[in-house]
Amino acid sequence: MLKKHLQNEGAFFLLRICISYAFEMQFINMKKIFLLLLFSISAYLSAQNNTSYWQQHVDYTMDVDIDVKTFKYVGTQKLVYTNNSRDVLNEVFYHLYFNAFQPGSEMDARLQSIVDPDDRMVNNIGTKENPKNESRISKLKPNEIGYLNVLTLKQNGQSLKYKVEGTILEVQLNTPIQSGESVTFDMNFEGQVPVLIRRAGRNNEDGVALSMAQWYPKMAEYDFEGWHTDAYIGREFHGVWGNFDVTLNIDKTYTVGGTGNLQNPQEVGHGYEDKTQKLNVKKGAKLPWHFIANNVHDFTWAADPNFTHDILKTKSGTELHFIYKNDDKYSKAWKEVQPLTEKALDYFNSAIGEYPWKQYSVIQGGDGGMEYAMCTLVSGGKSLYEIVGTVYHELAHSWFQQILATNESKYSWMDEGFTTYISTLASNKILKGGNGKPNPNDYRGYFYAVDNYIEEPLTTHSDRFNTNAAFGIGSYTKGLIFLYQLNYIIGEENLKETLKKYFQDFKFKHPTPNDFKRSAEKVSGIQLDWYLNEWIMTTHTIDYAVAKVDKNVVTLARVGQMPMPIDVSVTYKDGSSENFNIPLRMMHGAKPTTATILKSWAWAHPIYSFTTSKEIIKVVIDPSGLMADIDKSNNVFIKK
């Protein structure tokens, strides 16, 4: 009965340890034993309730055979699944992403209903006067569609019942998975690579044969919120951390690059081999490419018979692989981007934290650019500046999506926005010779969204924004501004330390927005719940005005709904100037500043006044421009 009340094996185990320890140490005071027991169990259960303390775990072993002529493949998958939650699982779910690339799929339907579909995924069949977009998916022929079919599935050797619902496989378990238990799922599956329409597929515009992302049956994530079984509509991903042991059997003329470390370089060559050692390539039409990747939540690869492969061994110890079309029109840019990629790697290591894996691959494939575990797929490259910005952005994703890995579907702004922030600073410093500081010119997309009434709260699920424009501006631009303004609120150095603390505290833990907020609060000593609420959960806008200046008295007004601390620059009649900082009362603190800190401004009061020591001729609100004030025309007073 006691074990039942303690709810799980872990707490019961702690109970036994505590009692055993107490008697071994000859504790005879039962009060001490009881207190020790309560403290231990309380600490354990508190940890279990914290989103940062447990993750499910997966170990994949896959052997896949690819037919490069038909673009079909068959494979076996052994998946050891460990339930680290406190819950008993009666069912599991897999993602079958390639099923999205079929006429009538949810992705197809969404393309036909949204007012601004992704240009890459539609055909324009109208006129300039009457434009009409037609989903490319709707026109795929049977040999062009994508699919993933599960042929057999067993749990610990016993066959299971399952059902396919679009891009989700629903699996009823014969035996529930207990808390702390590991079970083995054995699967046979088959797939067909679709014509490349979005991210993954065959024969992209650069002529790359296979861009293999979202290609295998992938166990859905289960966390403190429950199962995450989002259909593949076209947006973001969320995955379970684990280890991948993958063997790809493919035509021997194809060069492969992607997630993981190649285990048999002397058996495949293609630029991976040790040139001082003899190759041992087996006879036959295909080569077995054996990759192992540890502590990742996805596995991606690309292959082409006309790939060339360069390796850059960096000073930090990470090998950078560049795999691209062996074509004169691409070679120059793909060579030039290599040392610049190392500089970006060094920047991110310094600004966030150390990249933890042995290699990172930049691969020509996909459409545009897309981040994956230990690699990215990037299309194009006829000039350096066609790809270098994309490479910087996708590489930065390794920290925010592959290591921290917030749930992109729910918090796309934390991934895309934070990635845009750090890659923008890196590009400004490395590529443009700038100072690596935030630039208010990056706010233009946000102001466009506000002016055109398309902004939506960033709590909106990434698939459910009304428009692609609202998603893009919200996730990338407004997410970027979240950090720019945090610089304004808590100070530049505090923000730098916040990013490092956030990374160290929450790497490999799927952090939530509150986790980041708490990191910033702990570093700065400033309370920030109001900021997270206003900027992320509402569409309230910022608008402050200089309402009145009377000799040496300044009166400011909060016109917009969202409150902020205020920096004010004052120029006096004698030509001198002075800077002031007005903390927001809800902050219960102020940023480090050389400005004169005034009494706090309570948000409920729309008007605030302060008195200076001299007569004033000019007042400027937010001289840095980092506050996303939607009407800057009322931010300045100049005495006439």
Side-chain angles (χ1 to χ4, degrees), residues 413-414 417-418 421 438 440 443 446 457-459 478-502 505 511-547 554-570 578-612 619-630 635:
W413 63 274
M414 291 185 73
F418 288 16
Y421 170 82
Y443 294 26
Y446 166 69
L458 294 188
T459 49
K478 198 173 179 185
L480 161 79
I481 297 172
F482 178 86
L483 292 183
Y484 275 14
Q485 287 193 143
L486 196 57
N487 181 322
Y488 172 82
I489 294 167
I490 68 174
E492 182 177 2
E493 292 306 314
N494 277 337
L495 177 56
K496 288 179 179 179
E497 289 306 310
T498 293
L499 285 173
K500 293 176 181 178
K501 180 174 179 57
Y502 172 57
D505 288 353
T512 66
N514 191 67
D515 292 324
F516 180 78
K517 184 208 76 171
R518 291 293 294 131
S519 294
E521 289 179 332
K522 290 174 182 177
V523 168
S524 67
I526 292 171
Q527 294 186 25
L528 296 165
D529 193 62
W530 62 273
Y531 180 55
L532 184 67
N533 177 277
E534 292 281 341
W535 192 250
I536 303 305
M537 303 177 191
T538 78
T539 55
H540 293 171
T541 55
I542 302 167
D543 183 12
Y544 278 86
V546 181
V554 178
T555 301
L556 306 178
R558 178 179 55 78
V559 182
Q561 290 175 287
M562 180 171 171
M564 286 285 281
I566 300 299
D567 288 337
V568 183
S569 175
V570 173
E578 188 173 4
N579 294 321
F580 297 91
N581 174 260
I582 306 170
L584 188 64
R585 184 173 294 176
M586 290 187 293
M587 294 165 52
H588 296 287
K591 68 180 177 182
T593 179
T594 57
T596 300
I597 299 177
L598 302 176
K599 67 178 182 179
S600 62
W601 186 347
W603 76 270
H605 295 287
I607 301 298
Y608 179 97
S609 296
F610 67 95
T611 302
T612 66
V619 176
V620 178
I621 293 175
D622 180 28
S624 71
L626 290 178
M627 192 167 65
D629 192 310
I630 63 168
N635 287 20

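- Atom CD1 in Ile490 sits 10.0 Å away from atom CD in Glu497 (nearest 0.5 Å).
- Judged by distance alone, the side chain of Gln485 and the main-chain N or O of Ala628 form a donor-acceptor pair under 3.5 Å.
- Minimum heavy-atom separation, Pro565 to Tyr488: O-OH, 2.9 Å.
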Using side-chain contact (heavy atoms from CB on, under 4.5 Å), reason through Leu486 and Leu528 one step at a time and then give a plain yes or no. CA-CA 9 Å; Leu486 196 57; Leu528 296 165; 4.0 Å; yes

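- Partners of Thr459 by side-chain hydrogen bond (donor to acceptor under 3.5 Å, both in side chains), not counting sequence neighbours: none found.
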Pair Asn579, Thr594 - check side-chain contact (heavy atoms from CB on, under 4.5 Å), show working. CA-CA 8 Å; Asn579 294 321; Thr594 57; 5.6 Å; no

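- Across every non-hydrogen atom of Pro563 and Leu584, the tightest pair is CB-CD1, 3.8 Å.
- Scanning all heavy atoms of the two residues, the minimum distance from Asp622 to Ser624 falls at OD1-OG, 2.8 Å.
- Closest of all the heavy-atom pairs between Pro583 and Leu598 is CD-O, 3.3 Å.
- For the pair Met627 and Ile621, the minimum side-chain heavy-atom distance is below 4.5 Å.
- Between the side chain of Asn487 and the main chain of Tyr484, no donor-acceptor pair closer than 3.5 Å is present.
- A search for side chain to side chain contact (heavy atoms under 4.5 Å, CB included) contacts involving Gln527 returns Glu521, His588, not counting sequence neighbours.
- Ile536 places none of its side-chain heavy atoms less than 4.5 Å from the side chain of Pro513.
- When all heavy atoms of Ile489 and Ile526 are compared, the closest pair comes out as O-CD1, 4.0 Å.
- Taking CD of Gln561 as the reference point, atom OG1 of Thr538 lies at 7.5 Å (rounded to 0.5 Å).
- Judged by distance alone, the side chain of Lys478 and the main-chain N or O of Tyr446 form no donor-acceptor pair under 3.5 Å.
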Run the side-chain contact (heavy atoms from CB on, under 4.5 Å) check on Val554 and Leu556 step by step: do they pass? CA-CA 7 Å; Val554 178; Leu556 306 178; 3.7 Å; yes

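- Here the straight-line distance linking atom CG of Asn581 with atom OG1 of Thr593 works out to 5.5 Å at 0.5 Å rounding.
- We find the CG-CH2 distance between Leu458 and Trp535 to be 8.5 Å, quoted to the nearest 0.5 Å.
- Here the CE atom belonging to Met587 is positioned 6.5 Å from the CH2 atom belonging to Trp530, to the nearest 0.5 angstrom.
- Side chain of Tyr544 to backbone of Gly560: no donor-acceptor contact under 3.5 angstrom is found.
- A 4.5 Å side-chain heavy-atom check between Ser524 and Thr498 finds every atom pair outside the cut-off.
- A cation-pi geometry, defined here as NZ or CZ lying under 6.0 Å from the six-membered ring centre and within 45° of its normal, does not hold between Lys522 and Tyr502.
- Between the side chain of Arg558 and the backbone N or O of Trp603 there is at least one donor-acceptor pair closer than 3.5 Å.
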Please determine whether side-chain contact (heavy atoms from CB on, under 4.5 Å) holds for the pair Trp601 and Met564, giving the CA-CA distance in whole Å, both sets of side-chain angles, and the decisive distance to 0.1 Å. CA-CA 9 Å; Trp601 186 347; Met564 286 285 281; over 6 Å; no

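- Contact detail for Tyr421 and Leu499: the closest heavy-atom pair is CE2-CD1, 3.8 Å.
- Here the CZ-CZ distance, from Phe610 to Phe580, works out to 5.5 Å after rounding to the nearest 0.5 Å.
- When only modelled atom types and interatomic distance are considered, Glu578 and Thr596 share a side-chain donor-acceptor pair under 3.5 Å.
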